[in-house]
Asker: 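Encoded as structure tokens, here's the structure I'll be asking about.
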Amino acid sequence: MNELQFSRHRRLRQSQGIRSMVKETTLSPSDLMYPLFVVEGEGKKNPIASMPGVYQISLDYLKEEMEEVVSLGIPSVILFGVPNHKDEVGSEAYNDEGIVQKATRLIKEQFPELVVVVDTCLCQYTSHGHCGVIKDGCVDNDPSLELLTKTAVSQAKAGADIIAPSNMMDGFVAAIRQGLDEAGYSHIPIMSYGVKYASAFYGPFRDAAHSTPQFGDRKTYQMDPANRLEAMKEALTDMEEGADFLIVKPALSYLDIIREVRNEIFVPIVAYNVSGEYAMVKAAAQNGWIDEKKMVLEMFTSMKRAGANIIMTYHAKDAARWMKEEQY
Ligand code: PBG
């Protein structure tokens with residue numbers, strides 16, 4: 001035994017105290033951003049079958065929801081609108097009296113400190129369910145930019161703190177930046193969903209937001225999951241165009257991409273733990289097959305270890321509670 005030379009890694013694992021001292025990645029409720037689906041009407045709290053625990057809520061439920069979010073130490077929410085009226089050009093998206101604009105005003109009146117991020121896209125608002133306008137059966141890039149810019153300006157006017165465009169049109173950051181600046185909102189940051197894959201993991205969201213494309217798919221604007229270099233190209237152009245944050249979406253199957261953008265891009269990186277990732281955990285938990293709390297916190301640790309600074313997640317409220325209970 002005397003000559004045997006080896007490293008004693010276990011020295012640093014022997015007690016909770018030492019393990020805490022050498023922990024490289026920590027979680028806090030301030031890492032989290034909570035997504036909300038807002039619907040028109042009153043007294044509505046519609047459950048979403050494929051996302052247990054997530055609801056579409058009407059404006060009268062916002063206050064209690066926000067009180068909970070704030071009391072848990074979650075600094076931000078992201079709003080997705082589910083309008084009553086859809087048309088070819090998604091006009092409710094840029095209506096100053098649209099559902100998201102109304103929700104934004106209400107939250108900012110009651111909770112001025114809470115950071116309201118607003119999703120800027122057309123797919124929930126268009127009758128065809130695509131993220132831009134259609135010409136000859138295709139999503140037409142440049143006319144879509146005009147409408148997305150109008151949407152962002154209307155959202156900023158309603159009091160949004162951060163604009164988060166998720167449409168994947170080319171030039172959307174540049175167009176929205178210019179539109180915001182010209183309208184007097186040069187201080188409003190853009191959180192770009194610049195690295196967004198055409199993913200099967202968005203299925204449950206489309207139930208929640210009623211945004212399933214009515215024909216075709218999103219592969220002409222969202223990225224092929226097979227591609228890594230393309231993600232870097234997208235990320236770099238977003239930086240040139242003035243993005244202040246960069247979202248990588250989905251998160252779990254794309255941790256390699258999170259790490260790579262973290263190494264090359266010097267803005268905060270947001271991991272979007274999307275609806276399909278949430279649904280898988282919930283389904284397994286409901287069957288008693290997994291320890292939900294441990295699994296969710298481990299997933300979040302892996303996202304932060306990969307380089308994410310912020311985690312956008314439907315688990316946010318539960319996770320914030322769990323983080324307070326546990327030493328993470
Ligand atoms: C809209 C949008 C989508 C998601 C966020 N914004 C869906 C899509 O691209 O079809 C998905 C989020 C999730 O799955 O949680 N462009």
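First listed ligand is number 1; within each ligand, the first listed atom is number 1. Quick caveat, the model's predicted, so the values are computed rather than measured.
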Asker: Out of Phe80, Tyr221, Tyr278, Phe205, who gets a non-hydrogen atom closest to atom 12 (C) of ligand 1?
Answerer: Phe205
Asker: Quick one: look at Cys121 and ligand 1, take heavy-atom pairs under 4.0 Å, and tell me if it's side chain, backbone, both or neither.
Answerer: side chain
Asker: Quick one: does Ser154's side chain have a donor or acceptor within less than 3.5 Å of a partner on Lys150's backbone?
Answerer: no
Asker: If we ignore hydrogens and angles and just use 3.5 Å, is the side chain of Thr126 paired with the main-chain N or O of Gly90 as donor and acceptor?
Answerer: no
Asker: Between Phe80 and Phe205, does the ring centroid distance fall short of 6.0 Å?
Answerer: yes
Asker: Is there at least one pair of N or O atoms, one from Arg206 and one from ligand 1, spaced under 3.5 Å apart?
Answerer: yes
Asker: Examine Ser211 against ligand 1 and note whether any of their N/O atoms are separated by less than 3.5 Å.
Answerer: no
Asker: Under a 4.0 Å heavy-atom limit, does Cys123 contact ligand 1 with its side chain, its backbone, both, or neither?
Answerer: side chain
Asker: Report the member of Met168, Arg218, His130, Lys196 with the shortest heavy-atom distance to atom 16 (N) of ligand 1.
Answerer: Lys196
Asker: Atom OH of Tyr193 and atom CD1 of Ile247: how far apart are they, to the nearest 0.5 Å?
Answerer: 5.0 Å
Asker: For atom 15 (O) of ligand 1, grab the closest protein heavy atom and report residue, atom and distance to one decimal in Å.
Answerer: Tyr314 OH, 2.5 Å
Asker: Judged on heavy-atom distance to atom 9 (O) of ligand 1, which of Met51, Gln222, Glu277 sits nearest?
Answerer: Gln222
Asker: Against heavy atoms of Ser166, which atoms of ligand 1 measure under 4.0 Å?
Answerer: 1 (C), 6 (N), 16 (N)
Asker: Around atom 14 (O) of ligand 1, find the nearest protein heavy atom and jot down its residue, atom name and distance.
Answerer: Ser275 OG, 2.7 Å
Asker: Measure centre to centre between the rings of His130 and Phe215, then say whether the value is under 6.0 Å.
Answerer: yes
Asker: Pick one: which of Asp31, Thr25, Thr26, Asn309 meets side chain to side chain donor-acceptor pair (under 3.5 Å) with Lys304?
Answerer: Asp31
Asker: Any idea which protein heavy atom is nearest atom 5 (C) of ligand 1, and the distance to it?
Answerer: Lys249 NZ, 2.6 Å
Asker: How long is the span from the CD atom in Glu97 to the CD atom in Glu92, to the nearest 0.5 Å?
Answerer: 10.0 Å
Asker: Rounded to the nearest 0.5 Å, how far apart are OG1 of Thr151 and CD of Gln101?
Answerer: 7.5 Å
